[in-house]
Amino acid sequence: MQQFANPARFLKIANAVLPFVWTVTVILFVIGLYGALVSSPADYQQGETVRIMFVHVPAAWMAMFVYSVMALASAVAIIFRHPLADVAAKTAAPIGAVFCFLALATGSLWGKPMWGAWWVWDARLTSMFVLMLLYLGYIAIWQAIEEPGRAAMIARIVALVGFINIPVIKFSVDWWNSLHQPASVFKMGGPSIDASMLWPLLVMGLAYTFLFLALHLVCMRSELAQRKLRTILIARGRAN
Amino acid sequence: MRPLLSLMRRDLTLATRQGGGAGTALGFFLAVLVLLPIGLGPDQFTLQRLAPGILWITLLLSVLLSADRIFQQDYEDGSLEIMAMSSQPLELVVLAKALSHWLSTSLPLAIAAPFLGVLLNLATEIIWPLLLAMVLGSVALSLIACVGASLTLNLRRGGLLISVLVLPLYVPVLVFGLSASTGSVELVTPSLLILSAIALASLVLAPLAAAAALRAYLK
Amino acid sequence: MRPLLSLMRRDLTLATRQGGGAGTALGFFLAVLVLLPIGLGPDQFTLQRLAPGILWITLLLSVLLSADRIFQQDYEDGSLEIMAMSSQPLELVVLAKALSHWLSTSLPLAIAAPFLGVLLNLATEIIWPLLLAMVLGSVALSLIACVGASLTLNLRRGGLLISVLVLPLYVPVLVFGLSASTGSVELVTPSLLILSAIALASLVLAPLAAAAALRAYLK
Amino acid sequence: MQIVAANLSCERGGRLAFSNLDFAVAAGEFLQLTGPNGAGKSSLLRIIANLGDISSGHIELHNGDSDLTLAQQSHYIAHADAAKTALTVTENLQFWGDFLGGDNIAGALGSLNLQTLADYPVALLSAGQKRRLALARLSLVPRKIWLLDEPSVGLDEASQGLLVGLMQQHLNAGGLIIAATHVPLGVEPDRNLILQGKS
Amino acid sequence: MQIVAANLSCERGGRLAFSNLDFAVAAGEFLQLTGPNGAGKSSLLRIIANLGDISSGHIELHNGDSDLTLAQQSHYIAHADAAKTALTVTENLQFWGDFLGGDNIAGALGSLNLQTLADYPVALLSAGQKRRLALARLSLVPRKIWLLDEPSVGLDEASQGLLVGLMQQHLNAGGLIIAATHVPLGVEPDRNLILQGKS
Ligand code: HEM
Ligand SMILES: Nc1ncnc2c1ncn2[C@@H]1O[C@H](COP(=O)(O)OP(=O)(O)OP(=O)(O)O)[C@@H](O)[C@H]1O
Ligand SMILES: Nc1ncnc2c1ncn2[C@@H]1O[C@H](COP(=O)(O)OP(=O)(O)OP(=O)(O)O)[C@@H](O)[C@H]1O
Ligand SMILES: [Mg+2]
Ligand SMILES: [Mg+2]
């Protein structure tokens, strides 16, 4: 893993794979959206609104996935002192926040017809809301602390401490009584939703994942560029 | 005028640089907003009925806690002494700091709160009266909070003591703010007028009280 | 052992001398307790039903806000540096400070709260389960608050940022604490066990996290 | 212009810091306050800056600017540096300039050669660099009266030299300086007031 | 016992404070750190006290107490006084005594004659009196290594004399002192490390 340590090499790799990642993303979205909007039937009770699912569910998955990535990166940063880990965690946060917001927004759009309310305080929605807060808090920390090294360490701790929330979201529906759909894809004994809906859902999930990968690489690249710039400026300030 | 404007500019800069001004306050607002439904139970109709009250209380707390250290830093690093020595009346200094707190924190919250009411599915026709009442009320809230902050300057546990002193003063704002925002649908209600009266009164009285308290700490 | 005990003694002394330890916290508790019924409407039955939730939320906020500067003073006057240099592991220092905060503030609140419930005409048979749950929960609350305090050490606006970081962690305590105190009349419920598990976990994990954060600020 | 104090006494924390103090300083003069810790040097300076209470006696400014108080015509450099750590050196000076009604930022930076640090956030400054920023206020806004509490603390040799230069210049320009110190400042005091503390 | 540093570099706030520093101090020796503001004196002391990060190089303690770290065998007197204003002088010393494992309160009070102030709340102490309280820690708990950051700041003549006495005594007893200062401390340094800052 140390061979990626050197940012220069990372940049080389990133630049190499990015075009590939982008193309895969586009292709997956095309297939997924076709499956979601055209081939799959409207739900017999939910009607056309069911199609929101193909935006909502993957977004929700990503919101949790990205936070886990942040937590993992933070752990790596603490254990292996890997120079890129902090950059990875820091740049993942805003992207994850957007996914989280998307899940919340589409969810509440879906909620209006389904539950007759934009928002209900059931376990999953609440914990998802809390996840949004954690994203905001994490981002705030990076802004609030001037000294980079210090900010990095504090941010790692925030990410790891907040990770407790992820299992809570995943299993909240089973713990507390909830209006929300129980897990129907990732659960014991295989998925329980119709195949015609399942495959587009999974493809969309994959598409989202690649989208994240692409965006993440781009953000990491610019973050590294900024840090380079900063050190140069400081060196100049030191010189005169 | 220039001195006070520069003071406001400085405080606004500081608010955005350290701990992100309105952002953090908004975060706190949301955090409390999560706790209340969990605590009070998720029942749709109860929440809808309680929504305005919940929003007002959350606003009160956010403003109060965001203001608790408004003078402390200036006191500890000696800036306050220099301002007190200058030819600027301390009352105006207080007013300037209070206004920049209002701009950087209370006003954004007051504007955001009614729309966050969606989370408690607040009845949509209340949004506008609520917005108006909160914007007016937030002026009073910021100024009263400043009085509390000046009274508890550099006390450890200031954060709590200030609440004990200030929350009672918040009661009128809460009462009239609530009735202004729930009482009726038309915008201008008697309560709203009383609320504006309170806001104006605090604009005059709060700086006097706060400045006096600050002088006491400086001597 | 002696060093940590002396640290606890010192913190308890300070808590009583500056801003009056439990007194202020209790004041804040009461202030919020007055505010909530005004905001939520004085309707007896609603209040009675909401009483446990209101008490829990007020407890959460009081503990959180009383702890927000628990490390700040030691950091600013250089005491923390000397403690970090000493042969006492920083984790134990944190634990000692957390415990003295619990003794001086959280515990008294947790004991007082159920009886203050009468103000909201809390059903009397709930008092004891509530008391038990709150005493247990307050341990977790104090420790988690310490983590937040260490993360936002000496950030201006720390008081708010801490809430954004900590309140999410408070949610489980609130949920299980609430169901432990309202769920049923017999004392030992599953929720109570989970609550104790949370308390124990935070006893172990919170000092680790807080100490790491403090080290980051000292370097 | 002259500052005259007649049997001044000061009580702090219930104890008499000093009593029956008499002194007079005229324009162009430098009054140096010395004496053991706790003798009341800082307290005296705070009193002159109208930041402390007089228990008895009085202190007056003769033929200074009549529509300004003594404090309003004075610079007071205390132990605290009155600088915001989140702002850069220039931003801090900019603010004090606007607030106190002066705009000689370049001069202020130069006076304690802070030019190279102009764009650094104060959080990153060392003890002495912060001190220099505080002293830069002296050249930022012109004031007739300087009240300095241990001004040379934490300054390196070079900066101490600069400070001496500033003080000399101010005295020659008809300014008035009252400074408390434990170490010789390098400027010959015209008058020396020795406070005898009991502790 | 000996402290040895080999091409030590320190980066603070993204800038290099100093680089490739080499020095060695043995028991009974006094190493004096001088240099312009921002040269890195305080940073170096913090590094030795394990309160700062080393960017490169390393620092070691040879044949000291093997089961204690360097920091654990050191006293570090920084600019902050590590005293609680709500407690009295004695209470503060009492606490540090218990915490650091020493009990020579009387000796500590005497060492900087604080006896008369013993029962004053620290809130009522003057700048130099607070400083003396901080320095009293040196005699409160015996430690082989003293790290002093501008220790004489704010002390009156008498106290400066006491400090000199303490340092001499410590050196004669085989102690080791590293002190940063801008003014001569009154104790002849065995080694003098001059840090060249650029700003
Ligand atoms: C703002 C409101 C909502 C939020 C925050 C939200 C959040 C989530 C989350 C976090 C997941 C991922 C769960 C997991 O992978 O275990 C999810 C999945 C899902 N949501 Fe929502 N949701 C919301 C509203 C809705 C609504 C209104 C519906 C439709 C009635 C809905 C239907 C689903 C379905 C079917 C899944 C997939 C469950 C699975 O396969 O695991 N959600 N939602
Ligand atoms: N904030 C305060 N409140 C009450 N009393 C104080 C305060 N500060 C100082 N004192 C008392 O007033 C007396 C004079 O203090 P002051 O700071 O003026 O002494 P000083 O001459 O400046 O000493 P130093 O040389 O240490 O600066 C001291 O005895 C001290 O106990
Ligand atoms: N808290 C800090 N964070 C980041 N950088 C700092 C910090 N404190 C000081 N620095 C930087 O590190 C360098 C060394 O600072 P340091 O305090 O060690 O200097 P010093 O030699 O002690 O100066 P002085 O004589 O003024 O005390 C300075 O250039 C300063 O800009
Ligand atoms: Mg003094
Ligand atoms: Mg230094």
Side-chain angles (χ1 to χ4, degrees), chain A residues 67 71 74-75 77-79 81 86 93 97 100 121-178, chain C residues 53 57 64 71 75 90-91 94 140 143-176 178-179 183 190-191 194-195 197-198 201-202 204-219:
Chain A
Y67 196 93
S74 306
I78 290 179
I79 300 163
R81 304 220 165 295
D86 285 321
C100 191
W121 290 99
D122 87 330
R124 169 161 288 168
L125 273 60
T126 306
S127 42
M128 195 64 178
F129 193 86
V130 167
L131 183 61
M132 190 70 207
L133 284 182
L134 284 172
Y135 273 119
L136 294 180
Y138 180 89
I139 294 170
I141 281 289
W142 275 106
Q143 286 179 342
I145 303 180
E146 285 128 10
E147 206 170 77
R150 179 178 295 170
M153 187 61 204
I154 300 296
R156 291 170 201 158
I157 300 168
V158 171
L160 288 175
V161 170
F163 185 65
I164 299 165
N165 192 46
I166 296 301
V168 175
I169 298 177
K170 182 72 188 141
F171 301 111
S172 51
V173 261
D174 316 333
W175 288 347
W176 307 327
N177 58 342
S178 170
Chain C
I57 290 173
L64 178 61
F71 297 113
Y75 176 75
L90 202 50
E91 287 74 12
V94 170
L143 283 153
I144 297 174
C146 284
V147 177
S150 64
L151 287 170
T152 61
L153 188 63
N154 98 320
L155 298 184
R156 191 161 159 283
R157 297 306 200 73
L160 288 184
L161 196 50
I162 184 181
S163 326
V164 182
L165 298 174
V166 163
L167 288 182
L169 298 175
Y170 273 6
V171 169
V173 181
L174 177 56
V175 168
F176 292 109
L178 206 50
S179 73
S191 324
I194 298 180
L195 201 58
I198 296 179
S202 50
V204 181
L205 297 178
L208 295 177
L214 291 179
R215 287 206 185 82
Y217 272 103
L218 286 175
K219 287 273 163 157

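Quantities reported herein were computed from a predicted structural model and do not represent experimental measurements. A, B, ... follow the sequence lines: proteins, then strands. Residue 1 opens every chain.
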Margin query: Show, in sequence, the C-alpha distance, side-chain angles and deciding distance for A:Val158 and C:Leu151, and conclude whether the side chain to side chain contact (heavy atoms under 4.5 Å, CB included) test is met.
Written below: CA-CA 8 Å; A:Val158 171; C:Leu151 287 170; 3.8 Å; yes
Next item on the list: Under the side chain to side chain contact (heavy atoms under 4.5 Å, CB included) rule, what do A:Ile145 and C:Tyr217 come out as? Steps first, then yes or no, please.
Entry: CA-CA 10 Å; A:Ile145 303 180; C:Tyr217 272 103; 3.5 Å; yes
Item checked: Heavy-atom pair of closest approach, residues C:Ala216 and A:Arg150 ->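 The answer is O-NE, 3.6 Å.
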Mind listing the side-chain donor-acceptor pairs of residues 204-212 of chain C below 3.5 Å, one per line with the distance, residues two or more places apart or on another chain?
none

Next item on the list: State which residue, out of A:Ile154, A:Ile141, A:Leu134, A:Ile157, fulfils the side-chain contact (heavy atoms from CB on, under 4.5 Å) condition with C:Leu165.
Entry: A:Ile141
Margin query: Would you say that A:Val161 contacts C:Leu169 through its side chain, given a criterion of any heavy-atom pair below 4.5 Å between the two side chains?
Written below: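 They are in side-chain contact.
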